[in-house]
Amino acid sequence: MSQPLTIVVGISGGIAAYKAVNVVRAFVLAGHSVHVVATDAALRFVGRPTLEAISRNPVHSELYEGVAEVRHVAIGQSADLIVIAPATANTIAKLAAGIADDLLGNTVLASTAPLVIAPAMHTEMWQNPATVANIATLRSRGVTVVGPAVGQLTGADSGPGRLEEPDAIVRAALAAYDASRPDARAAQLDLAGRRVVVTAGGTREPLDPVRFLGNRSSGRQGIALAEAAAARGAAVVLIAAHLEVQAPAGVDVREVSTALQMQDAAALASEGADIVIMAAAVADYRPVEVSEGKIKKDERGDTMTLELVRNPDILAGLAAAKAPGQLVVGFAAETEPDRAAQLELGRSKLARKGADLLVLNRVGWSEGFATERNDITVLDAGADIVLEAVGSKLSVAHRILDVIAERLH
Ligand code: C5P
């Protein structure tokens, strides 16, 4: 570990909290700046002065302290890495549900840093279906789970549930941090030799020589996918429709304007490709007639009707024609605010289009488009949620490629 990190060590209330002191100590001795966020229950097991002396920083536990400096979000926002050790069954359940009724919950929710948890509890609690489901949820969101180890528990019993050894937690946490960085992922080159096609941007359907029907897609998420795939060693073709930002270097860019042009370019590029990712916003309809000259309002009067015809569904066509082993990924931008309804829309779209994976993101007047960040859920053909990710479009792109790369192998 070269560069010093700002690490938040979250401690929840279990007997194993005393071992968290060694986790804190190991990070400090390695040169990192450590801020402890303890739950009230944790402070019944291990004293605040001990944690302050070892971390060399004040220990935070109160949600209503430091309100003026907006501490409930500031700690999470400044973290490079969050490690919760021990993570009790209760804390794990709260993390899975996104509950923020204490400082630790707020810190985690306000952070985009990698999250590492080291569970510790009795075997029955670890094996309880509620905990099993919560751990699966957290893993699907990219949380790293270290342990628990198998061994002697607090009472006479033994089994899985023992907190992993502090040095193993520290090693796993720093590895999770390294793996979360785009440049570290690039070094993996796990897509070397693969051919990847990405569509990006928004198509435009002309009405006349100066006007078109278009959409607000900036192409940023597609560009990030192309950049991430290229960094991981893939040969990338980017089919670009009116990008607002520059395409990445080292990528074969093919510019198109309309949905029909995109269909041709995508069909050509997809031959022999391993992965096809349709991130572009494709117009569902185009004008039946394109006027040779500029449409004149004097000739049309106060109202004007446009007749539109459906465009082909490029994604559905590619999915239907895909070669064995090829992976076809669609995107779905929905304005539906209700999460369950949004997932339902995604699931039926995935089935209708026949894609292998569908990346779902919510869009609205101020969400999704032209922003640097994204919040996505990935569904697979079995309709399972295989990934939930929030962060920069590049980090989200890498997370999506992790899922894709795993399925290629
Ligand atoms: O049906 P909807 O437009 O929501 O589907 C979005 C997904 O389908 C995206 O992956 C988009 O690129 C693709 N699509 C397509 N051809 C269309 C419309 C959408 O390939 N005509």
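Note that ligands are numbered from 1 as they come in the structure, with each ligand's atoms numbered from 1 the same way. Computed from a predicted structure; not experimentally measured.
- Between the side chain of Thr258 and the backbone N or O of Glu205, no donor-acceptor pair lies under 3.5 Å.
- Of the candidates Val24, Ile7, Asp80, Ile7 is the only one forming a side-chain contact (heavy atoms from CB on, under 4.5 Å) with His32.
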Between the protein and ligand 1, which nitrogen or oxygen pairs come in under 3.5 Å, and how far apart is each?
residue: ligand 1; atom: 1 (O); partner: Lys353; partner atom: NZ; Å: 2.9
residue: ligand 1; atom: 4 (O); partner: Lys349; partner atom: NZ; Å: 2.3
residue: ligand 1; atom: 5 (O); partner: Lys353; partner atom: NZ; Å: 2.8
residue: ligand 1; atom: 8 (O); partner: Lys353; partner atom: NZ; Å: 3.0
residue: ligand 1; atom: 10 (O); partner: Met278; partner atom: O; Å: 2.7
residue: ligand 1; atom: 10 (O); partner: Phe331; partner atom: N; Å: 2.8
residue: ligand 1; atom: 10 (O); partner: Phe331; partner atom: O; Å: 3.3
residue: ligand 1; atom: 12 (O); partner: Met278; partner atom: O; Å: 3.3
residue: ligand 1; atom: 12 (O); partner: Ala280; partner atom: O; Å: 2.7
residue: ligand 1; atom: 16 (N); partner: Ile314; partner atom: N; Å: 3.0
residue: ligand 1; atom: 20 (O); partner: Ile314; partner atom: N; Å: 3.3
residue: ligand 1; atom: 20 (O); partner: Leu315; partner atom: N; Å: 2.7
residue: ligand 1; atom: 21 (N); partner: Pro312; partner atom: O; Å: 2.9

Donor-acceptor pairs under 3.5 angstrom involving side-chain atoms of residues 300-310: please list them, not counting sequence neighbours.
none

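- The side-chain contact (heavy atoms from CB on, under 4.5 Å) search around Ile376 returns Val359, Asn361, Asn374, Val378, Leu387, Ala389, Val396, Ile400, not counting sequence neighbours.
- A donor-acceptor contact under 3.5 angstrom links the side chains of His242 and Ser257, judged on distance only.
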Acceptor/donor pairs from residues 315-329 side chains to any protein atom, 3.5 angstrom cut, sequence neighbours excluded:
residue: Lys322; atom: NZ; partner: Gln326; partner atom: O; Å: 3.3
residue: Lys322; atom: NZ; partner: Asp356; partner atom: OD1; Å: 3.0
residue: Lys322; atom: NZ; partner: Asp356; partner atom: OD2; Å: 3.1
residue: Gln326; atom: NE2; partner: Ser270; partner atom: O; Å: 2.9
residue: Gln326; atom: NE2; partner: Ala273; partner atom: O; Å: 2.9

